[in-house]
Amino acid sequence: MGQSSLQATSTSPARKHQGPAAVLSGPIVCAYRDTGYHSAIAMSASLARAHQVQVAAVGVARPLPFAATLFLNASRNTMERERREKVMGAGLNALREQLPDQPELWGVYAVAGRWSPTVMRYARAFGSDLIVSPALTREAGRVEHGAARRLLASAWQPVFSIPDGTVARLPARAMVGVDLGPAWEVPVREAVAVMSQDECALVLVHVLPHESAEWSAEWREEYVEAASRHLESRLGELDLPPHVRVESRIVNGQPAMRLRELAAELECDMLVVGRAGEDASGEAGTLTGEVADLLLHDCAVPLLVVPAQAEPKLPERTGVLELGVGAVPEMARILVPLDGSLVSEQAVSCAADIARRTGAD
């Protein structure tokens, strides 16, 4: 992809899949603000290089406060342009540094607007399989994944939240929280997709249900044995790539806290959880949205959260980044709404380009 403040196009490179669980098909959307973005962009570049997919860095500049628009109307366009240029320059510099030898793998986009709607608009347009976003360190060293938390309210694809300062290499040892529900293997597959394609390890952790505190020792032992057998049998069905080593653990305690503790104890460089929906009995799984939300408020390692909702139907990917030969739609008249802002003015050139290709008025 080339680089521009609004859109960029290029021919998509051939995509490589390293096994049945390597599901990334790109382009990856890396969403960032003007601070704390270095590690998120670097991780996105590592994923792009490993999977030979494109990465679209979407810089979202904070819009002007409403009060400012009342008193600074004359300079509003200038100020918005400056904000967009700032996030644009950050993304350009970072990706030029990360992928200097493969310029066709990346593009940078910048827009001033609200975080979640803006990012999801680009993710939907690109048909992205993965969104990468930065996490920031707050008071007392707490790493808060606030950007990812806001995106997950409407995301259908996994959101990979990267604390600033994370080394820009693909995870080699990941912990996956599993609840043994009907879709428990989905986070496992997504974890493998973003991990190193050399030797890597998965630690599957199942936390005992909270009501197990009231069970007898005999009941608890029977549950642990049954859960272990279930995990082993289901793992055989996943057909994971041969370079992935898998181990499993069953523990008790508060799920979010135990997962954080174990991730630190076992020196995992990624923690993966699902946002599980209801199971066949109508009850939510162990790793519900509550557990994911607790981790999103405080987790020191890169956090991959896999939503439960299905991916919506999207346009063919071949028509997203570049309109293919023979794919020109039939159009007669194009309407371009204008409100006097710089964004609306840029829409004119886009509409004119479409009109030239389609013969529309």
Side-chain angles (χ1 to χ4, degrees), residues 39 43 135-145 148-149 158-181 184-196 198-210 212-213 215 217 220-221 223-225 227-232 234-235 238 240 243-276 285-306:
S39 294
M43 183 66 77
L136 299 177
T137 302
R138 301 299 188 185
E139 65 280 356
R142 178 173 60 90
V143 179
E144 184 178 15
H145 302 255
R149 187 174 65 250
V159 178
F160 196 13
S161 185
I162 312 297
D164 202 29
T166 301
V167 177
R169 62 170 180 264
L170 300 188
R173 184 175 179 84
M175 176 177 294
V176 185
V178 294
D179 63 5
L180 307 183
W184 75 275
E185 75 280 0
V186 175
V188 178
R189 292 186 180 279
E190 297 293 349
V192 173
V194 302
M195 293 181 71
S196 171
D198 297 321
E199 189 73 14
C200 63
L202 278 178
V203 182
L204 308 185
V205 178
H206 174 61
V207 184
L208 290 173
H210 63 84
S212 64
W215 295 351
R220 184 174 300 190
E221 183 178 348
Y223 180 91
V224 170
E225 291 179 358
S228 299
R229 289 195 303 270
H230 182 76
L231 269 176
E232 289 178 7
R234 296 295 296 274
L235 278 172
L238 289 182
L240 296 175
H243 69 275
V244 181
R245 294 179 291 107
V246 183
E247 61 179 279
S248 60
R249 298 190 178 207
I250 299 177
V251 300
N252 58 14
Q254 197 278 332
M257 184 181 299
R258 289 295 287 136
L259 290 173
R260 277 198 301 260
E261 292 172 349
L262 272 176
E265 177 186 332
L266 300 177
E267 299 182 342
C268 295
D269 44 15
M270 180 173 68
L271 179 55
V272 186
V273 292
R275 279 196 139 191
T286 304
L287 294 176
T288 62
E290 179 182 358
V291 174
D293 286 341
L294 288 171
L295 291 171
L296 286 162
H297 277 91
D298 185 14
C299 183
V301 299
L303 183 62
L304 180 67
V305 183
V306 183

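- Within the model, atoms CE of M175 and CG of L304 stand 14.5 Å from one another, a figure rounded to the nearest 0.5 Å.
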Apply the test side chain to side chain contact (heavy atoms under 4.5 Å, CB included) to residues Q254 and V291: give CA-CA distance (whole Å), side-chain angles for both, the deciding distance (0.1 Å), then the verdict. CA-CA 9 Å; Q254 197 278 332; V291 174; 5.5 Å; no
List the steps, then state whether side chain to side chain contact (heavy atoms under 4.5 Å, CB included) holds for R249 with H206. CA-CA 6 Å; R249 298 190 178 207; H206 174 61; over 6 Å; no
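- The closest side-chain heavy-atom distance from P302 to P163 is below 4.5 Å.
- Taking 4.5 Å as the limit, some side-chain heavy atom of S228 sits within range of a side-chain heavy atom of I250.
- Crowding of R142 atom CZ: a count of heavy atoms from other residues, nucleotides or ligands under 6.0 Å exceeding 12.
- The backbone N or O of R173 sits less than 3.5 Å from a side-chain atom of D269, completing a donor-acceptor pair.
- Looking at V251 and L262, their side chains come closer than 4.5 Å, going by heavy atoms from C-beta outward.
- Using a cut-off of 4.0 Å between Lys/Arg side-chain N and Asp/Glu carboxylate O, R234 and E185 are scored as salt-bridged.
- Interatomic distance, CD1 of I162 versus NE2 of H145, reported as 8.5 Å (0.5 Å rounding).
- Taken from CD in E199 to NE2 in H243, the straight-line distance is 8.0 Å, to the nearest 0.5 Å.
- V301 places none of its side-chain heavy atoms less than 4.5 Å from the side chain of M270.
- Of the inter-residue distances, the one linking L170 atom CG with C200 atom SG reads 9.5 Å to the nearest 0.5 angstrom.
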With side chain to side chain contact (heavy atoms under 4.5 Å, CB included) as the criterion, how do V176 and V203 come out once you've worked through the C-alpha distance, each side chain's angles and the decisive distance to 0.1 Å? CA-CA 6 Å; V176 185; V203 182; over 6 Å; no
Candidate pair M43 and R169, rule side chain to side chain contact (heavy atoms under 4.5 Å, CB included), full reasoning: CA-CA 6 Å; M43 183 66 77; R169 62 170 180 264; over 6 Å; no
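- A salt bridge links R258 with E261: the closest approach of a Lys/Arg side-chain nitrogen to an acidic carboxylate oxygen falls below 4.0 angstrom.
- One finds the CG atom of L294 at 9.0 Å from the CE atom of M257 (value rounded to the nearest 0.5 Å).
- Summarising the geometry of C268 relative to A174, their closest heavy-atom pair is SG-C, 4.3 Å, with the distance given to 0.1 Å.
- The two residues L303 and C299 make their nearest non-hydrogen contact at CD1-SG, 4.3 Å.
- Among all heavy-atom pairs drawn from R220 and W215, the shortest one is CA-CE3, 4.0 Å.
- Residues A135 and S161 approach most closely at CB-OG, 3.5 Å, considering heavy atoms.
- Here the side chain of R260 pairs a donor or acceptor atom with the backbone of D298 at under 3.5 angstrom.
- In terms of heavy-atom proximity, A292 sits nearest to G274 at CB-O, 4.4 Å.
- Here the closest non-hydrogen pair linking V207 and G253 is CG1-O, 3.4 Å.
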Go through it in stages, so that I can follow the logic: the residues are E247 and R245, the test is salt bridge (Lys or Arg N to Asp or Glu O under 4.0 Å), and I'd like the CA-CA distance, side-chain angles, deciding distance and then a yes or no. CA-CA 7 Å; E247 61 179 279; R245 294 179 291 107; 5.6 Å; no
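- With rounding to the nearest 0.5 Å, the separation of CG in D164 from OG1 in T166 is 7.5 Å.
- Using a 4.5 Å heavy-atom cutoff, the side chains of V273 and V306 are not in contact.
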